[in-house]
Visitor: 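Quick one: structure below, then a few questions.
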Amino acid sequence: VKIGVLISGGGTNLQCIIDKVKNGYINGEISLVLSNKKDAYGLVRAKREGIDAIWMDRKKYSTEEEYNDAIIEEFKNRDIELVVLAGYLKVLSKKFVTEYKGRIINIHPSLIPSFCGSGYYGERVHREVLKYGVKFSGATVHFVDEGTDTGPIILQRIVQVKDDDTVESLKERVLKVEHEILPEAVKYFCDGKILLDGRKVIIMR
Ligand code: GRF
């Protein structure tokens, strides 16, 4: 399965996918890594592995629609079959979601439907978790639909929230389970083991 990965930052989730492709856990190949941020370290990680890595400069496009069309173009040219959003901080256009419906996977650093939706990304998620005082948090891998963080849930894994947690310590603990469930979901997709029954995702393990 040809995989296209969209990133905006450090790319630690991307790195896990790269490693799991290399060791054969994921039956796929990363055909393109595309970032909306020029300085995303994830681009360095991709180039180091000889993977096509592109910074798509938003300033070169007049609208979000055109920006997304340019990304679709890059993906179509490479016959991408699975789109993975690995710390990608932009919303996809309706056309993009329609074009790749059922083939876009996103990782979110909370237990959806809690602490998610527009504005809930990165540290903001963990800050709200600590403020609210929930005893567990975690990560969610889900299909992307027209909403924000609203698509069918593929995998979730929980972490304990500790009394002395800071945003940093909680973020680290959640990032660790992100690095476990994202490659796992990509593997199941590449192995054709993910069934969608309405909103319910069944994994044929
Ligand atoms: C992290 O905050 C992670 O929770 C979210 O995107 C951010 C960047 O992750 N998914 P990465 O290190 O760029 O993969």
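Numbering of ligands and ligand atoms starts at 1, following listing order.
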Visitor: So is Lys171 polar-close to ligand 1, meaning N/O to N/O under 3.5 Å?
Guide: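 Looking only at distances, the answer is no, because the N/O contact criterion of under 3.5 Å is not met.
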Visitor: Taking the basic N atoms (NZ, or NE/NH1/NH2) and the acidic carboxylate oxygens, is any pair closer than 4.0 Å for Lys176 and Glu180?
Guide: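 Looking at Lys176 and Glu180, the cut-off is met.
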Visitor: Using modelled atom types only, decide if a donor and an acceptor are shared between the side chain of Lys187 and the backbone of Tyr25 within a distance under 3.5 Å.
Guide: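 Looks like yes, one N/O pair under 3.5 Å.
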Visitor: May I ask you to check whether His126 has an N/O atom sitting below 3.5 Å from an N/O atom of ligand 1?
Guide: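 Between His126 and ligand 1, no N or O pair is found under 3.5 Å apart.
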Visitor: Output the list of atoms in ligand 1 that are nearer than 4.0 Å to some heavy atom of Ile107, sorted by atom number.
Guide: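 Heavy-atom distances to Ile107 below 4.0 Å select 10 (N).
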Visitor: Give a yes or no on whether a salt bridge exists between Arg58 and Glu64, defined as a side-chain N under 4.0 angstrom from a carboxylate O.
Guide: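 Salt bridge flag = yes for Glu64 with Arg58.
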Visitor: Looking only at heavy atoms of Gly11, does any of them come nearer than 4.0 Å to an atom of ligand 1?
Guide: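 It does; at least one heavy atom falls under 4.0 Å.
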Visitor: With a 4.0 Å heavy-atom cut-off (strictly under), which part of Glu178 contacts ligand 1: side chain, backbone, both or neither?
Guide: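 It is the side chain that gets close, since no backbone atom is under 4.0 Å.
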Visitor: Are Lys76 and Tyr100 in a cation-pi contact, defined as NZ or CZ under 6.0 Å from the six-membered ring centre and within 45° of the axis?
Guide: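 Because its charged atom sits under 6.0 Å from the ring centre and within 45° of the axis, Lys76 does stack over Tyr100.
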Visitor: What protein heavy atom lies closest to atom 1 (C) of ligand 1? Include the residue and the distance to one decimal.
Guide: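 Atom 1 (C) of ligand 1 sits closest to the protein heavy atom Leu175 CD1, 4.1 Å.
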Visitor: Do me a favour and list the nearest non-hydrogen protein atom to atom 6 (O) of ligand 1 with residue, atom name and distance?
Guide: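 Nearest protein contact, heavy atoms only, for atom 6 (O) of ligand 1 is Gly87 CA, 3.3 Å.
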Visitor: Are any of the side-chain nitrogens in Arg78 or Glu74 under 4.0 Å away from the carboxylate oxygens of its partner?
Guide: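 A salt bridge is present here (some side-chain N lies under 4.0 Å from a carboxylate O).
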Visitor: Taking only Lys NZ, Arg NE, NH1 and NH2, and the carboxylate oxygens of Asp or Glu, determine whether Glu128 and Lys131 approach each other closer than 4.0 Å.
Guide: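 Salt bridge present between Glu128 and Lys131.
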Visitor: Nearest heavy atom to atom 11 (P) of ligand 1: which of Ile17, Leu14, Thr12 does it belong to?
Guide: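 Answer by nearest heavy atom: Thr12.
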Visitor: Name the closest protein heavy atom to atom 9 (O) of ligand 1, giving the residue it belongs to and the distance to 0.1 Å.
Guide: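 Nearest neighbour among protein heavy atoms for atom 9 (O) of ligand 1, to 0.1 Å: Asn13 ND2, 3.6 Å.
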Visitor: If we count only N and O atoms by modelled type, under 3.5 Å, do the side chains of Thr12 and His179 hold a donor and an acceptor together?
Guide: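 Side chains of Thr12 and His179: pair found under 3.5 Å.
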Visitor: Any N/O of Pro109 closer than 3.5 Å to an N/O of ligand 1?
Guide: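 No; every N/O pair is 3.5 Å or more apart.
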